[in-house]
Amino acid sequence: MDSYDSSEMTPRERASSRLKDYSIGATPLQKRLESVRKQTTLVSTSHRKKIPECSQLEEDIDPQKVAFLLHKQWTLYSLTPLYQFSYTNLKEYSRLLSAFMIAEKQKGIAVEVGEDFNVKVVFSTLPGVKGTQRDSEAFLVQILSKSQVPSENIKEKVLWTGWFCCLFGDSLLETVTEEFTCLPLFLAHGAESNTTIIGNWFEKTFDCFFCPLSISAFNLSWMAAMWTACKVDGYMATTEFLWAVPCSPQSLDISFAIHPEDAKALWDSVHKTPGEVTQEEVDLFMDCLYSHFYRHFKIHLSATRLVRVSTSVASAHTDGKIKIRCHKYLIGVLAYLTELALLQIE
């Protein structure tokens, strides 16, 4: 048995000893691992997360709809459960919401339900975008522009898109009755004015509440750690970070890009448990980056605020903006975002 596995050693000491041999022949970024171990006072924690695997339900996903959701910047919201929402009434909801939207834009002018306008709202389900069978079915809401000249060759233009989903939402499902539909994560793409109007309609119709969902620097660190070594179609993108430095009279941003192979080697050195990530691993990964940056630029990034991360899987900003880049990791990204949404509303 390896002498480093002595039962007298703490988890932190065992991890440190395993890293010792790796530093020989490593890149400068990796060599900072051992010194970071000595310079920081990390507290061992049981805080860990399992990395969600691809759901078997994904086989039901419409490839065209999923492709439409990728590579767009979405604004995140948390949403309390919808009261007496019914998937069988989606066509009726489309008619009602279309009328409500036109009335709002016309500032109180009466509008008949079903009256023809140059825009329409369409509801549709997103089968397979769920973590378990218990999760509520995800659905999509779109505002489409209708051409003034009817033609089969002219496609309707999508003016705004929003979608509601819940992945691995058991903690919320166990607390509500069957009258409620739990879809705690809402993502919107398009004019904020449309988001506001549609949000108002949902709140009035289903007695729910929307709230902007920001992503803290703490959670951005987790995203970077979980996704930095992921390959997409055999390609691994550069891992990028952006830190905000508050100063007068204007703010200063610091960007830091890491070669994908260096980032992967660093994470592989830290990450030891397949299928899950621990708080200590995330802390060590980030502290090593801070130490490496200070060594070259004499700037303490730990005194700044992390506001954006970008990986092969997704890019995310602390103001609640996210862009998902890969179908393979869609369920994993949405599962993490659902967790953040649940924490905000519970």
Novice: If I compare all heavy atoms of Cys208 with all of Phe202, which pair ends up nearest, and what's the gap?
Specialist: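 Closest approach of Cys208 to Phe202: SG-O, 3.4 Å.
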Novice: Would you give the length of the straight line joining atom CD1 of Ile198 to atom CZ of Phe100, rounded to the nearest 0.5 angstrom?
Specialist: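 Those atoms lie 10.0 Å apart.
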Novice: Can Val277 be reached from Met236 by stepping across I, L, V, M, F, W or Y side chains whose heavy atoms are under 4.5 Å apart?
Specialist: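 Different hydrophobic clusters.
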Novice: According to side chain to side chain contact (heavy atoms under 4.5 Å, CB included), who are the partners of Ala237, at least two apart in sequence or on a separate chain?
Specialist: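 Ala237 satisfies side chain to side chain contact (heavy atoms under 4.5 Å, CB included) with Tyr235, Ser312 once adjacent residues are dropped.
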Novice: Can you list the steps and then say if Val141 with Val122 is a side-chain contact (heavy atoms from CB on, under 4.5 Å)?
Specialist: CA-CA 6 Å; Val141 180; Val122 176; over 6 Å; no
Novice: Begin from the C-alpha positions of Ile102 and Val119 and carry the test side-chain contact (heavy atoms from CB on, under 4.5 Å) through to its verdict.
Specialist: CA-CA 8 Å; Ile102 297 299; Val119 296; 3.4 Å; yes
Novice: Would you say that Ile324 contacts Leu330 through its side chain, given a criterion of any heavy-atom pair below 4.5 Å between the two side chains?
Specialist: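 Answer yes - side chains close enough.
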Novice: Is it the case that atom NZ in Lys157 sees more than 12 heavy atoms from other parts of the structure closer than 6.0 Å?
Specialist: no
Novice: With the side chain counted from C-beta on, respond yes when Trp227 and Val333 share a heavy-atom pair under 4.5 Å apart, and no when they do not.
Specialist: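 Trp227 vs Val333: side chains touch.
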Novice: Provide the closest heavy-atom pair for Thr311 versus Arg325 in the form atom of the first, atom of the second, distance.
Specialist: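 Taking every non-hydrogen atom into account, O-NH1, 2.6 Å.
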Novice: Between the side chain of His271 and the main-chain N/O of Thr273, is any donor-acceptor distance below 3.5 Å?
Specialist: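 Yes; at least one donor-acceptor contact below 3.5 Å.
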Novice: Side chain to side chain donor-acceptor pair (under 3.5 Å) for Thr228 and Thr239? Distances and angles first, verdict last.
Specialist: CA-CA 6 Å; Thr228 198; Thr239 300; 2.6 Å; yes
Novice: Consider only side-chain heavy atoms of I, L, V, M, F, W and Y, link residues closer than 4.5 Å, and tell whether Leu343 and Leu185 are in one cluster.
Specialist: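 In one cluster with Leu343: Leu185, no.
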Novice: Mark yes or no for whether Asn194, through its side chain, and Trp160, through its backbone, hold a donor-acceptor pair below 3.5 Å.
Specialist: no
Novice: Taking Glu137's backbone N and O only, do any of them form a donor-acceptor pair with Tyr87's side chain (distance below 3.5 Å, no angle check)?
Specialist: yes
Novice: Mind checking whether Leu334 and Trp163 have side chains closer than 4.5 Å, heavy atoms only?
Specialist: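 Yes - at least one pair of side-chain heavy atoms lies under 4.5 Å apart.
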Novice: Thr195 and Tyr77: side-chain contact (heavy atoms from CB on, under 4.5 Å), yes or no, with the steps?
Specialist: CA-CA 10 Å; Thr195 303; Tyr77 296 84; 3.6 Å; yes
Novice: Is the backbone N or O of Val121 less than 3.5 Å from a side-chain atom of Gln142, with the two atoms forming a donor-acceptor pair by type?
Specialist: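 A pair under 3.5 Å: no.
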Novice: When rounded to the nearest 0.5 angstrom, what is the spacing between CG in Leu97 and CD1 in Ile143?
Specialist: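 Taking CG in Leu97 and CD1 in Ile143, the distance rounds to 7.0 Å.
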Novice: Check whether any side-chain N or O of Glu281 sits under 3.5 Å from a backbone N or O of Thr278 as a donor-acceptor pair, and report yes or no.
Specialist: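 Indeed, once roles are kept as given, a pair shorter than 3.5 Å links the two residues.
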Novice: Apart from Leu242 itself, what residues make up its hydrophobic cluster, given side-chain heavy atom links below 4.5 Å?
Specialist: Val307
Novice: Is the backbone N or O of Ser302 less than 3.5 Å from a side-chain atom of His300, with the two atoms forming a donor-acceptor pair by type?
Specialist: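 Not at all, since once roles are kept as given, no pair shorter than 3.5 Å links the two residues.
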Novice: Quick one: does Ile197's side chain get under 4.5 Å of Trp201's, heavy atoms only?
Specialist: no
Novice: Show your reasoning for whether side-chain contact (heavy atoms from CB on, under 4.5 Å) applies to Met226 and Tyr336.
Specialist: CA-CA 10 Å; Met226 290 189 295; Tyr336 189 72; 3.7 Å; yes
Novice: Are Leu173 and Leu79 connected in a single hydrophobic cluster, I mean Ile/Leu/Val/Met/Phe/Trp/Tyr linked by side-chain heavy atoms less than 4.5 Å apart?
Specialist: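 Hydrophobic grouping puts Leu79 apart from Leu173.
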Novice: How close do Leu289 and Phe256 get, heavy atom to heavy atom, and via which atoms?
Specialist: O-CE2, 4.0 Å
Novice: So, do Leu252 and Thr304 sit near enough that their side-chain heavy atoms are less than 4.5 Å apart?
Specialist: no
Novice: Report the distance from atom SG of Cys288 to atom CG of Asp283, rounding to the nearest 0.5 Å.
Specialist: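 So the SG of Cys288 and the CG of Asp283 are separated by 12.5 Å.
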Novice: Do side-chain atoms of Ser221 reach the backbone of Ala217 as a donor and acceptor pair under 3.5 angstrom?
Specialist: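 Such a contact is found between Ser221 side chain and Ala217 backbone.
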Novice: Quick one: CE on Met101 to CG on Leu159, what's the gap to the nearest 0.5 Å?
Specialist: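 Output value for this atom pair is 8.0 Å.
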Novice: Given side chains that start at C-beta, do those of Tyr290 and Tyr294 come closer than 4.5 Å, heavy atoms only?
Specialist: no
Novice: Would the distance check show the side chain of His189 and the main-chain N or O of Gln73 forming a donor-acceptor pair, the cut-off being under 3.5 Å?
Specialist: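 Side chain of His189 to backbone of Gln73: a pair is present.
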Novice: Do any N or O atoms from the side chain of Gln344 and from the backbone of Pro212 form a donor-acceptor pair under 3.5 angstrom?
Specialist: yes
Novice: Atom NE2 of His71 and atom OG of Ser315: how far apart are they, to the nearest 0.5 Å?
Specialist: 10.5 Å
Novice: What class does the angle between the rings of Phe297 and Phe293 fall in, given that below 30° is parallel, 30 to 60° is tilted and above 60° is perpendicular?
Specialist: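 Phe297 and Phe293: tilted rings.
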Novice: How far apart are the closest heavy atoms of Val129 and Ile331, and which atoms are they?
Specialist: CA-CD1, 4.5 Å
Novice: Flag yes if Leu337 and Ile345 sit in one hydrophobic cluster, no otherwise; membership is Ile, Leu, Val, Met, Phe, Trp, Tyr, and two members link when side-chain heavy atoms are under 4.5 Å apart.
Specialist: no
Novice: Check whether Ile322 and Tyr329 end up in the same hydrophobic cluster, where Ile, Leu, Val, Met, Phe, Trp and Tyr are linked by side-chain heavy atoms less than 4.5 Å apart.
Specialist: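 Yes, because Ile322 and Tyr329 connect within a single hydrophobic cluster, where side-chain heavy atoms sit under 4.5 Å apart.
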Novice: Cation-pi between Lys91 and Tyr93: NZ/CZ under 6.0 Å from ring centre and within 45° of the ring axis?
Specialist: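 The answer is no; the distance or angle limit is not met.
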Novice: Any sub-3.5 Å donor-acceptor pair from Ser136's side-chain atoms to Cys182's backbone N or O?
Specialist: yes
Novice: Is the distance between the ring centroids of Phe139 and Phe164 less than 6.0 Å?
Specialist: yes
Novice: Using a 4.5 Å cut-off on heavy atoms from C-beta on, say whether the side chain of Asp207 contacts that of Glu203.
Specialist: no
Novice: Are Glu179 and Tyr83 packed together at the side-chain level, in the sense that at least one heavy-atom pair is separated by less than 4.5 angstrom?
Specialist: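 SC-SC contact between Glu179 and Tyr83 confirmed.
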Novice: Salt bridge check, Glu261 against Lys264: does any charged N sit closer than 4.0 Å to a carboxylate O?
Specialist: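 Answer for the salt bridge query: no.
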Novice: Which heavy atom of Val176 sits nearest a heavy atom of Pro81, and at what distance?
Specialist: CG1-CG, 4.0 Å
Novice: Please round to the nearest 0.5 Å and tell me the distance separating atom SG of Cys165 and atom CG of Leu183.
Specialist: 7.5 Å
Novice: Looking at every heavy atom in both Ile215 and His317, which two are closest together, and how far apart are they?
Specialist: CD1-O, 3.7 Å
